[in-house]
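Data block below; observations after.
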Amino acid sequence: MIDAAASAGTIVEALKRTEAESEAHRVLSARAVALLHEAGMTRIVSPASYGGYELPVRALVEAERVVAHGSTAASWVLMVCAAHTFIAGRLPRRGQDEIFGTDPGMLIPGVPSPRGTCQRTKGGYILNGRWPYASGADHGDWVLIGCRGIRNAADESCPSLIVVMPKADVVIDDTWFTLGMRGTGSKDVVLDNVAIPEHYAVPMAEAQMGTVPGVESPLYRLPIRPALATMLLGTIVGMAERGLQTFIDQTRTRRDVYTGTMKVDSAGMQRRVAEASAEIACAWALTQQSCDLLEQAMRHDPPMPIAARAQVRWNAAYATHLCRQAANRVFEGAGAGAAHDSHVLQGFFRDMNTATHHAMLDFDSNVEIQGKSLLGVELNDAMV
């Protein structure tokens, strides 16, 4: 069985050489994608029945963390597409045969939130809408989207769905002009009256809770939202670690422009790196706790207890807060030179303050969920 983190380590240096291309073209370098495939990264959570590794979430998170030391964009696209592979493991068998049958490492970009609509038609569904932020949209042959069910002309109801469909049937709209995370190519997916068969879809409510009938794998019986929130942390913690190490390396040779004294001798600078290091370490500890909770859930029938789901969601939000705080702390101490586009810490600052805006990591909503859980205020499944 693959050691995901160790395998990730073998491509870090090569990934560093792809970053400039990804950033300049606003899409993950084809070479970076090839490296992810070659190292087995794209099979970490894909179904074992098709040749995937079907490893716990922890293995993916640890691999993302290492990959982020080579390329933030590669780590992010790996995370997003692996999260969708994790979801696709709940689809009907016929759908999985088509998706994974020829390539268990197939990248699946997309957006699982219900940004568009679905309605019933003979033998399947009609889809419409626009889904922004489809990271890795230029890669892979399939795309995953979430749809809100609406009634059709015959007044037939339709459940909200998660759909995995051929990317050839969608339009990719290049809207990705952003502050940071430019190399992820997180463009819009657009559908206009596209018909899909039933075996490409699964009811969203059951998929979200891990209660899809007939799904036996403990991995694919995990709730989607807490698992996805945890997956995000691999990239964010790895990015924070790389940024801090870059700052430390540069600070060791910096002098104060007015006094000529070495920056490393400054008590303020020493405190800055100590606090940032502690923040990142605490974020990783929270990540590990979430992985523990998800693995406990895999040993029991779904759904995962709501208090555990709330804890995992809060861990993700607070760990993200700590990493963003660490990133801002070191950027503040990086000097005027860090304002230049050519400075590596400017890119780090932009990427961190873009990545941490992901809706799943929203601090305000997650602090409310955890506060209610701790105080015994009733929560419903739709919140967590």
Side-chain angles (χ1 to χ4, degrees), residues 2 4 7-8 11 14-15 18-19 21-22 25-48 50-55 57 59-61 63-64 66-68 70-91 95-112 131-146 162-172 174 176 181-189 200 219-220 224 227-228 231-232 234-235 355 358:
I2 185 175
S7 294
I11 60 172
L15 283 171
T18 70
E19 284 196 294
E21 179 186 348
S22 298
H25 295 286
R26 297 178 301 104
V27 59
L28 184 62
S29 158
R31 177 57 182 153
V33 174
L35 287 165
L36 293 175
H37 283 304
E38 291 164 11
M41 298 294 95
T42 59
R43 297 188 182 205
I44 293 173
V45 293
S46 60
Y50 297 98
Y53 303 128
E54 204 170 311
L55 295 176
V57 170
L60 175 62
V61 169
E64 293 164 11
V66 176
V67 169
S71 165
T72 295
S75 180
W76 187 266
V77 171
L78 168 64
M79 175 271 297
V80 168
C81 291
H84 299 162
T85 294
F86 163 77
I87 297 172
R90 298 148 211 258
L91 261 63
Q96 291 192 50
D97 287 345
E98 294 184 29
I99 298 163
F100 300 117
T102 57
D103 183 3
M106 175 63 64
L107 289 176
I108 307 175
V111 182
W131 289 259
Y133 314 125
S135 300
D138 293 285
H139 302 291
D141 298 330
W142 297 81
V143 64
L144 178 145
I145 53 173
I162 290 180
V163 173
V164 183
M165 58 184 291
K167 201 172 71 179
D169 294 336
V170 312
V171 173
I172 305 297
D174 186 2
W176 193 239
M181 302 298 286
R182 295 171 184 170
T184 64
S186 303
K187 303 168 183 177
D188 287 12
V189 169
Y200 286 169
L219 178 63
Y220 308 130
I224 289 175
L228 264 58
M231 291 174 186
L232 282 156
T235 298
H358 193 288

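All values reported here derive from a predicted model rather than from experimental measurement.
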Determine, stepwise, if the pair H139 / V27 fulfils side-chain contact (heavy atoms from CB on, under 4.5 Å). CA-CA 9 Å; H139 302 291; V27 59; 4.0 Å; yes
What is the distance from atom [atom1] of [X] to atom [atom2] of [Y], rounded to the nearest 0.5 Å?
X: L28; Y: E19; atom1: CG; atom2: CD; result: 10.0 Å
X: L107; Y: T85; atom1: CG; atom2: OG1; result: 7.5 Å
X: M181; Y: H358; atom1: CE; atom2: NE2; result: 10.0 Å
X: H25; Y: D138; atom1: NE2; atom2: CG; result: 12.0 Å
X: I162; Y: R90; atom1: CD1; atom2: CZ; result: 7.5 Å
X: D97; Y: L91; atom1: CG; atom2: CG; result: 11.0 Å

Which heavy atom in [X] sits nearest to a heavy atom in [Y], and how many Å separate them?
X: A8; Y: A63; answer: CB-O, 3.8 Å
X: I44; Y: A4; answer: CD1-CB, 3.8 Å
X: T235; Y: S75; answer: OG1-OG, 2.7 Å
X: W131; Y: G146; answer: NE1-O, 2.7 Å
X: P132; Y: V111; answer: O-CG2, 3.1 Å
X: M106; Y: D141; answer: SD-N, 3.3 Å

Any donor-acceptor pair under 3.5 Å linking the side chain of [X] with the backbone of [Y]?
X: K167; Y: G140; value: yes
X: E64; Y: W76; value: no
X: S29; Y: S22; value: no
X: S46; Y: P104; value: yes
X: T18; Y: L15; value: yes
X: T42; Y: G105; value: yes
X: R43; Y: Y53; value: no

Is the closest side-chain heavy-atom distance between [X] and [Y] below 4.5 Å?
X: M165; Y: V143; value: yes
X: L144; Y: P112; value: yes
X: D174; Y: R26; value: yes
X: V57; Y: V45; value: no
X: L36; Y: V67; value: yes

Going by distance alone, is a donor N or O of one side chain under 3.5 Å from an acceptor N or O of the other, for D103 and Y50? no
Checking W142 against H84 for the side-chain contact (heavy atoms from CB on, under 4.5 Å) test, could you report, in this order, the C-alpha distance in whole Å, the side-chain angles of both residues, the deciding distance, and whether it holds? CA-CA 10 Å; W142 297 81; H84 299 162; over 6 Å; no
Mind checking side chain to side chain donor-acceptor pair (under 3.5 Å) for S186 and listing every partner two or more places apart, or none if nothing turns up? S135, T184
Where do I172 and V189 land on the side-chain contact (heavy atoms from CB on, under 4.5 Å) test, with the steps shown first? CA-CA 5 Å; I172 305 297; V189 169; 4.0 Å; yes
I87 vs V164, test: side-chain contact (heavy atoms from CB on, under 4.5 Å). Steps then yes/no. CA-CA 9 Å; I87 297 172; V164 183; 5.9 Å; no
Does a sphere of radius 6.0 Å around OH in Y133 hold more than 12 heavy atoms from other residues, nucleotides or ligands, not counting ones at 6.0 Å or beyond? no
